[in-house]
Amino acid sequence: MFPIVHYYVNLKTYGQVPPLMALGSLFPDLASGIGMKRDEAHQMGADFFRWCEQEAAQMLPLAQGIISHGVFPYGVDYYADEFWPGCEKGWCFEQGKPWLKRIAAATCLPNDLCWWKSHNFVEMSCELLTIEQYPFIGQNILAALYSDDILHSAAMELSRYTAKDVELIKKVFRKAPSIFSLEKVSPLALARSQDTAFRRRHNVYNADITGMASLLKDMAKALCPAYGPYIVKMTKLVSDMLKQYMANS
């Protein structure tokens with residue numbers, strides 16, 4: 001999932017999302033920028049939590065954010081990407097299947113990337129549905145990213161744990177607003193961020209921004225009835241898992 005949904009799940013689980021937790025919930029999707037593999041970053045949360053208990057107890061909210069995001073223990077991305085009952089993979093992949101042709105046409109991506117990208121379009125549609133009810137979330141995430149002292153502290157401890165350069169960690173966090181739509185969460189803003197990613201990562205320069213924005217608007221409308229029950233059930237599953245990591249909240 002994308003940052004708005006991750007923040008929402010933490011908000012529902014903990015009742016509040018301190019800046020360190022907001023940063024933690026971003027980290028797994030930024031970690032490739034410091035040379036970490038996706039699975040490594042999405043499975044480090046529990047071990048990092050135990051490390052924080054011994055080495056940096058003030059960073060436990062950061063660890064909680066990472067855990068809630070990941071795929072093991074079973075966090076948000078496990079259910080979105082890896083497994084959902086009755087689905088071939090996660091919920092977002094299943095919901096993306098009916099949209100594959102339109103996604104291929106709008107993105108101009110190679111066929112072998114379209115199924116993966118379809119799940120991203122579902123995730124972005126979920127961002128749109130969530131921000132409608134919680135319009136403050138994007139600004140709260142930005143506030144965490146712009147809190148220099150908090151960001152520095154988080155990067156210092158992540159550097160100690162991962163043995164990655166602290167300045168590089170800070171740099172990837174600061175790139176988050178250009179990777180995700182946080183200032184303004186709209187179909188057009190999300191489409192523009194995708195176009196930037198396609199140019200940078202896939203050498204695709206002919207994506208249809210207007211077409212992607214129209215697609216996201218249509219997808220959000222169509223997914224709305226299914227998303228409500230899904231987000232409630234998924235949040236309950238993640239919250240139940242996180243209970244073992246709440247003692248020092």
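Computed from a prediction, not measured in an experiment: that's the story for all the values here. As a basis for the values below, the full set of heavy atoms in this structure was taken, side chains included, without hydrogen atoms, waters or symmetry mates.
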According to side chain to side chain contact (heavy atoms under 4.5 Å, CB included), who are the partners of [X], at least two apart in sequence or on a separate chain?
| X | value |
| --- | --- |
| Tyr74 | Phe72, Tyr78, Tyr79 |
| Cys224 | Leu129 |
| Ser214 | Arg102, Asp218 |

Legend entry - Those residues that, when tested against Glu55, pass salt bridge (charged side-chain N to carboxylate O under 4.0 Å, His left out) (two or more places apart):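 Applying salt bridge (charged side-chain N to carboxylate O under 4.0 Å, His left out) to Glu55 gives Arg160.
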Inset, instruction - Flag yes if more than 12 heavy atoms outside Asn111 fall under 6.0 Å of its CG atom; otherwise flag no. - result: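 Check fails, neighbour count at 12 or below.
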Inset, instruction - Can you establish whether the number of heavy atoms outside Gln139 located under 6.0 Å from its atom CD is more than 12? - result: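 Yes, the 6.0 Å shell around CD holds more than 12 heavy atoms from other groups.
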Inset, instruction - Would you please classify the geometry between the Phe48 ring and the Trp51 ring as parallel, tilted or perpendicular, with 30° and 60° separating the classes? - result: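 Parallel, since the angle between the ring planes stays under 30°.
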Inset, instruction - Look at the aromatic rings of His69 and His6 and report parallel, tilted or perpendicular, splitting at 30° and 60°. - result: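 Taking His6 first and then His69, their aromatic rings lie parallel (interplane angle under 30°).
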Inset, instruction - Identify whether the distance between the nearest side-chain nitrogen and carboxylate oxygen of Asp195 and Arg200 falls below 4.0 Å. - result: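 Salt bridge between Asp195 and Arg200, a charged N being under 4.0 Å from a carboxylate O: no.
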Legend entry - Ion pair check, Arg38 and Glu82, cut-off under 4.0 Å: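 Looking at Arg38 and Glu82, the cut-off is met.
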Please output the side-chain donor-acceptor pairs of residues 92-99 that fall under 3.5 Å, not counting sequence neighbours, one pair per line with the distance.
unit_1: Glu94; atom_1: OE1; unit_2: Glu88; atom_2: N; d: 3.3
unit_1: Glu94; atom_1: OE1; unit_2: Lys97; atom_2: NZ; d: 3.3
unit_1: Lys97; atom_1: NZ; unit_2: Glu88; atom_2: OE1; d: 3.0

Inset, instruction - List in chain and number order the residues that pass ring pair (Phe, Tyr, Trp, His ring centres under 6.0 Å) with Tyr146, two or more places apart in sequence or in another chain; answer none if no residue qualifies. - result: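 Partners of Tyr146 under the ring pair (Phe, Tyr, Trp, His ring centres under 6.0 Å) test: none.
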